[in-house]
Amino acid sequence: MTGIVRPADVSPRNLVDSKNVLNARIAYVGKGVISDKQQQGWLVRALDQVWPF
């Protein structure tokens, strides 16, 4: 998770409430069989380069 936080919103325990994060970006990354199946195949990726519709 990345984002912009005001110094006043950081608690003494170095915690920030999620409602105080500006431009938050959350990325979920996984490895394994399910993650492999969610990626587009090579043919679809090649067709997207030629015909992006």
Side-chain angles (χ1 to χ4, degrees):
M1 177 176 176
T2 61
I4 300 171
V5 177
R6 297 182 312 164
D9 293 333
V10 180
S11 74
R13 293 183 57 201
N14 204 24
L15 299 173
V16 177
D17 195 355
S18 61
K19 67 181 179 186
N20 295 329
V21 179
L22 179 67
N23 292 341
R25 291 184 181 216
I26 302 170
Y28 295 98
V29 180
K31 294 183 181 180
V33 178
I34 295 174
S35 177
D36 292 342
K37 295 296 179 187
Q38 291 178 339
Q39 296 176 356
Q40 292 180 333
W42 64 270
L43 181 59
V44 174
R45 289 192 309 256
L47 287 175
D48 280 344
Q49 296 297 321
V50 178
W51 190 50
F53 299 105

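For this chain, numbers begin at 1 and follow the sequence in order.
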Say whether Val5 and Met1 are linked into one hydrophobic cluster, either directly or through other cluster members, by side-chain heavy-atom distances under 4.5 angstrom. yes

Which pairs with one or both residues in residues 1-10 pass salt bridge (Lys or Arg N to Asp or Glu O under 4.0 Å), sequence neighbours excluded? Arg6-Asp9

If you group Ile, Leu, Val, Met, Phe, Trp and Tyr whenever their side-chain heavy atoms sit less than 4.5 Å apart, what else falls in with Leu47? Trp42, Leu43

For Arg45 and Gln40, which heavy atoms make the closest approach, and how far apart are they? NH1-O, 2.7 Å

Identify the heavy atoms of Val16 and Asn20 that sit nearest to each other, and give their distance. CG1-CB, 4.2 Å

